[in-house]
Enquirer: 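Supplied in C-alpha cells, the structure appears directly below.
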Amino acid sequence: MSMSWEQRVFRIRRILTDAGCSAEQIAAFLEWEQAGDRCRQYKFLARHRACLLDQLHRDAARLDCLDHLVFAMRQADQHLTDETDGICLWKNNCI
C-alpha cells in the first residue's frame with residue numbers, strides 16, 4: 001500500500017523539521033520532491049548533514065573546554081576536600 005501525497009509531505013516535513021531544517025529549506029525540498037529532482041535532494045541532505053556534523057564537533061570542543069576548566073578547578077581546590085570522607089567543604093556549591 002503506497003502513501004498518499006499528503007501523507008508523504010507530512011512525513012517529509014516532520015523528518016526535516018526534526019533534523020533542524022528551516023521552513024524555506026523544507027519548501028524547497030518539497031518542490032524538488034514534486035519535480036522528482038532526487039539529485040538536488042541528495043545534495044541538500046548531504047550539505048545539511050555536514051553542517052550538523054560541524055556543529056556537533058564545535059559543541060564537543062566546547063564541552064571539552066568546560067571539562068578542562070572543571071578539572072583545573074578541582075585540582076586547585078583539592079585542599080578544600082576533607083581527606084577522610086572525600087566531602088567538598090563547599091558542600092552546597094559542589095556538583
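Values reported hereafter were calculated over all heavy atoms of this structure, with side chains retained and with hydrogens, waters and symmetry mates removed.
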Enquirer: Can you name the closest pair of heavy atoms from Phe44 and Leu16 and give their distance?
Expert: CE2-CD2, 4.5 Å
Enquirer: Measuring from Arg8:CZ to Trp5:CH2, what's the distance to the nearest 0.5 Å?
Expert: 7.0 Å
Enquirer: If I take atom CG from residue Leu66 and atom NE2 from residue His68, how far apart are they, to the nearest 0.5 angstrom?
Expert: 11.0 Å
Enquirer: How far does CZ of Arg49 sit from OH of Tyr42, to the nearest 0.5 angstrom?
Expert: 14.5 Å
Enquirer: Distance from Asp59 atom CG to Gln55 atom CD, nearest 0.5 Å?
Expert: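 Going from the CG atom of Asp59 to the CD atom of Gln55 covers 4.5 Å.
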Enquirer: Would you check if the side chain of His48 reaches a backbone N or O of Ala19 as a donor-acceptor pair within less than 3.5 Å?
Expert: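 Yes: the side chain of His48 pairs with the backbone of Ala19.
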Enquirer: Distance check, rounded to the nearest 0.5 Å: Leu53 atom CG versus Arg58 atom CZ?
Expert: 10.0 Å
Enquirer: Over 60° means perpendicular and under 30° means parallel, so classify the ring planes of Trp32 and Phe29, tilted if in between.
Expert: perpendicular
Enquirer: Could you measure the distance from the CG atom of Leu45 to the CD atom of Gln25? Nearest 0.5 Å is fine.
Expert: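 So the gap between those two atoms works out to 10.0 Å.
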Enquirer: Consider only side-chain N and O atoms of Gln41 and Asp37, and report whether a donor and an acceptor are under 3.5 Å apart.
Expert: no
